[in-house]
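Numbered from 1 within each chain, the chains take letters A, B, ... in sequence-line order. The structure presented is a predicted model; accordingly, all values stated were derived computationally and were not measured. Just the heavy atoms: all of them, side chains too, but no hydrogens, waters or symmetry mates, feed the values below.
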There are 2 protein chains.
Amino acid sequence: MTEQQRRPTLMDVAQAAGVSRALVSIVMRGAPGAAEATRQKVLDAARELGYRPDSRARLLRSTRTKLLGLSFSTGHAFHAEIVDAAYAEASAKGYELALGGVTSGRPETQTIEALLDFGSEALILISPTLSSDELARYAGQVPVVSLLRNDVGELTDSVSSDDYEGIRMAVEHLVSLGHRRIVHVDGGTAVSAEPRRSAFRAEMGRRGLEPAIIAGGAMEEDGMTAGKSLGPDMPTAVIAFNDRSALGLIESLRAQGLKVPADVSVLGYDDSQFARLSYVQLSSISQDAPLLAAAAVDRAVARIEGTQPPGHVVRTPHLVARRTTAAPAAGG
Amino acid sequence: MTEQQRRPTLMDVAQAAGVSRALVSIVMRGAPGAAEATRQKVLDAARELGYRPDSRARLLRSTRTKLLGLSFSTGHAFHAEIVDAAYAEASAKGYELALGGVTSGRPETQTIEALLDFGSEALILISPTLSSDELARYAGQVPVVSLLRNDVGELTDSVSSDDYEGIRMAVEHLVSLGHRRIVHVDGGTAVSAEPRRSAFRAEMGRRGLEPAIIAGGAMEEDGMTAGKSLGPDMPTAVIAFNDRSALGLIESLRAQGLKVPADVSVLGYDDSQFARLSYVQLSSISQDAPLLAAAAVDRAVARIEGTQPPGHVVRTPHLVARRTTAAPAAGG
DNA sequence: TCATGTCACTAGAACGATCTAGAAGCGTGA
DNA sequence: TCACGCTTCTAGATCGTTCTAGTGACATGA
């Protein structure tokens, strides 16, 4: 049943239309240099045969691939949002996206190699875990844009959100509501956990408050665990490393019979889809995935097409106040 | 800074090693036909120059690409789990994976075209929404495997989980716990919502029970809404369309002051990562993503390498009983 | 000694597109 | 009439591989 017939080539179309291969190439590319009548004739023949240009051959000849490689972690919902936005921005700029998934069994380097093999003209890496040196090695081959992480050395571009400013806003928000005893459940070894930790320390210190930090992580489980250890000395507000941790934290507080935000305010980070769920309504710091993604794509395209040196773009996050933060109880 | 020097080719390596291009090609492919000493000499030269085979040229010449196209929906965590497993299975079979994301702004056809342009030798589509006819058109070009959906016509392969059996197990589980008043919150227009609906009707009917069905969907919000409409005539158990819906449902029940599973048992579907979260512990029907993914990859590879006709693989799901299902209260 | 086979290697033609250089057709002005 | 420029079209080289068909060297067996 499956007709495994050879797929038509430029040559076939050329013969069908009675012109040369070169002219068919011109028409298919939409390049100038073909009379309108011939153009139509060729297009008709191509449609008739079901011709589809062979990108391998095309790309081999014309060093341009118009392809951006994007690596992301499967399982990070926040990354998925970035992928969405990146698709839109890339296609608006006339580029296609090659996706590479990083999973537990598939290290980042392997994903990057695959993206390069596809012919990516630039790489956009979401929260890369490679060292600056390793990144620099790739950056010698193609422009590399690190997304959500900015300590990547001079040869790699970066587009990130201002972690300090995000935490400052978080502290500011809670303090202005009247909170004084605020705890930060950190991100452990996750990318950008450290800058947030130190930002928290600095901003609390600046206000003369005690910067209590508890070990956490990037997942619900981490928030759960942190929530339990909070027990004896319960603060009036908690800033979680991210939304997923915040969700686990809230769950743990509930289990302890505490109400959010009546007894404890909880602030997330990322403003992910979880935060927006109607039954969660998590107050969160938004890094604005679509904007970041667009900026990263723009940066990659600029590097490909221009001769600009690598640069570091930092965007300011913003606070999205929902239902999990409020003024502390009178006795707090 | 960025040295934009031409990347080395087979020719460069050949000259450096003092042999012919063909021999370098043989060595790089690990093909037989080269003396060990020469092999080493060539490999050294290649390493020295930082040679990396140009996949475009390679693929152009050897019609084989060893590439499987996989389309998935960003935002579906369950799909991400499949992607993970597919990567592992594909690489075990010596294939690379090309990922294509389907988003709201990027229809399935566009994703498929992109995957074909990359040179995919077969397509694996997770829950495709195209009609059988449209799928058949693509199936004329390359083998197409539909994952999680099996009503795809004769020309398209499919790997799916037995929805009837899944629902049967769900009903069986709840009935054996002592439940009689069971409601199914369905998946609305989602893929495989219909087979689950009718399976529920049949299995309840077979037991002489009333098959109550409430309109739902695939997201938390849908479960929330359904949960509210349950109000006046609360059943003792609910089978949700999937885990996300189940989560919303549980949240809605909680808001109504009901305890799960003491007052109402809730059963999910997919056994996704959400179900496994320690604070959720959702009982669920597992479709076993890794197994399904592996089966789909196997099927695709078999179709590529053999001459088998399209086929439909159906796997049996299994029940994972956790903490959200229990015997109904005495008065129930 | 000579056909035969095996092994290591090579020259040159593919693959299917794009690109360069140039040819053909046609109108225009000197 | 001829040179010139413009538009439209074509032949052939080219991209970096793999594949086909072979070549030469050497060993083997009759």
Side-chain angles (χ1 to χ4, degrees), chain A residues 4-43 45-46 49-67 96 116-121 141, chain B residues 4-43 45-46 49-67 94 96 113 116-121 141:
Chain A
Q4 211 53 309
Q5 60 199 5
R6 193 178 57 82
R7 78 189 239 183
T9 74
L10 261 196
M11 187 59 146
D12 300 319
V13 179
Q15 274 170 353
V19 297
S20 70
R21 283 169 320 158
L23 189 57
V24 178
S25 170
I26 286 172
V27 171
M28 295 316 292
R29 275 177 291 145
E36 190 48 39
T38 343
R39 190 174 289 273
Q40 272 312 321
K41 193 172 57 178
V42 169
L43 286 177
L49 292 175
Y51 170 74
R52 143 190 298 274
D54 184 322
S55 64
R56 301 187 282 288
R58 162 177 287 182
L59 302 180
L60 171 59
R61 181 58 236 227
S62 65
T63 43
R64 296 301 311 274
T65 64
K66 288 278 189 171
L67 194 61
E96 185 57 47
L116 288 176
D117 279 346
F118 283 156
S120 303
E121 292 189 65
Q141 302 180 43
Chain B
Q4 210 55 309
Q5 61 200 5
R6 192 179 58 81
R7 73 189 244 182
T9 74
L10 263 194
M11 187 59 149
D12 300 321
V13 179
Q15 273 170 356
V19 296
S20 70
R21 284 168 319 160
L23 189 57
V24 178
S25 170
I26 286 172
V27 172
M28 296 315 291
R29 275 177 292 145
E36 190 49 38
T38 343
R39 193 174 286 273
Q40 272 312 321
K41 192 172 58 179
V42 169
L43 286 176
L49 293 175
Y51 170 75
R52 147 190 295 274
D54 183 323
S55 66
R56 302 187 280 288
R58 161 175 288 183
L59 301 179
L60 171 59
R61 178 60 237 223
S62 65
T63 44
R64 297 299 314 273
T65 64
K66 289 277 190 172
L67 194 62
E96 184 58 47
E113 300 281 333
L116 288 176
D117 279 346
F118 284 156
S120 303
E121 292 189 67
Q141 302 182 41

Show me the protein contacts with nucleotides 23-28 of chain C, counting only N or O atoms at under 3.5 Å.
none

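In this view, A:S62 and A:R58 satisfy the side-chain contact (heavy atoms from CB on, under 4.5 Å) rule, not counting sequence neighbours. In this view, B:Q15 satisfies the side chain to side chain donor-acceptor pair (under 3.5 Å) rule with no residue, not counting sequence neighbours. Shown here are the side-chain contact (heavy atoms from CB on, under 4.5 Å) partners of B:L23, two or more places apart in sequence or in another chain: B:V19, B:S20, B:I26, B:A34, B:T38. By the ring-ring contact (aromatic ring centres under 6.0 Å, His included) test, A:F118 is found to be paired with B:F118, residues two or more places apart in sequence or in another chain being considered.
Straight-line distance from the CD1 atom of A:I26 to the P atom of C:dG16: 20 Å, rounded to whole Å. Separating the CZ atom of A:R29 from the C1' atom of C:dC19 is a distance of 8 Å, rounded to the nearest angstrom. Per the geometry, CZ belonging to B:R7 stands 11 Å off C1' belonging to D:dT17, to the nearest Å. Residue B:L10 contributes atom CG, which lies 12 Å from atom P of D:dC19 at whole-angstrom precision.
If you check every strand for non-hydrogen atoms under 4.0 Å, B:T9 touches sugar and phosphate atoms only.
DNA chain C is contacted by B:A34, B:A35, B:T38 of residues 32-43 of chain B, taking any non-hydrogen atom closer than 4.0 Å. Contacts between residues 53-61 of chain B and DNA chain C, defined by a heavy-atom separation under 4.0 Å, are made by B:L60, B:R61. The stretch residues 11-24 of chain A comes close to DNA chain C through A:R21, A:A22, each having a heavy atom under 4.0 Å from the strand.
Between A:E96 and A:K66 there is no salt bridge, since no side-chain nitrogen of the basic residue lies less than 4.0 Å from a carboxylate oxygen of the acidic one.
Among residue pairs with one or both ends in residues 10-25 of chain A, those qualifying as salt bridge (Lys or Arg N to Asp or Glu O under 4.0 Å) are A:R6-A:D12; sequence neighbours excluded. Here salt bridge (Lys or Arg N to Asp or Glu O under 4.0 Å) pairs that include residues 22-35 of chain A, with residues two or more places apart or in two chains, number zero. Within the structure, the salt bridge (Lys or Arg N to Asp or Glu O under 4.0 Å) test picks out no pair touching residues 30-41 of chain A (sequence neighbours left out).
Rounding to the nearest 0.5 angstrom, the gap separating the CG atom in B:L60 from the CG atom in A:D54 is 6.5 Å.
Between B:P8 and B:G50 the shortest heavy-atom distance is CG-O, 3.8 Å. The two residues B:R56 and A:G119 come nearest to each other via the heavy atoms NH1-CA, 3.4 Å. Of all non-hydrogen atoms in B:L59 and B:T65, the two that sit nearest each other are CD2-CA, 3.5 Å.
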Requested in this report: Apply side-chain contact (heavy atoms from CB on, under 4.5 Å) to the pair A:R7 and B:Q141, showing each step before the final yes or no.
Outcome: CA-CA 8 Å; A:R7 78 189 239 183; B:Q141 302 182 41; over 6 Å; no
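When side chains are defined from C-beta on, B:D117 counts as touching A:R52, because their heavy atoms get closer than 4.5 Å.
Defining each end axis of the helix from C:dT1-D:dA30 to C:dA30-D:dT1 as the rotation carrying four pairs' C1' atoms onto the next four, with five pairs an end, the two axes are found to diverge by 60° to 10 degrees.
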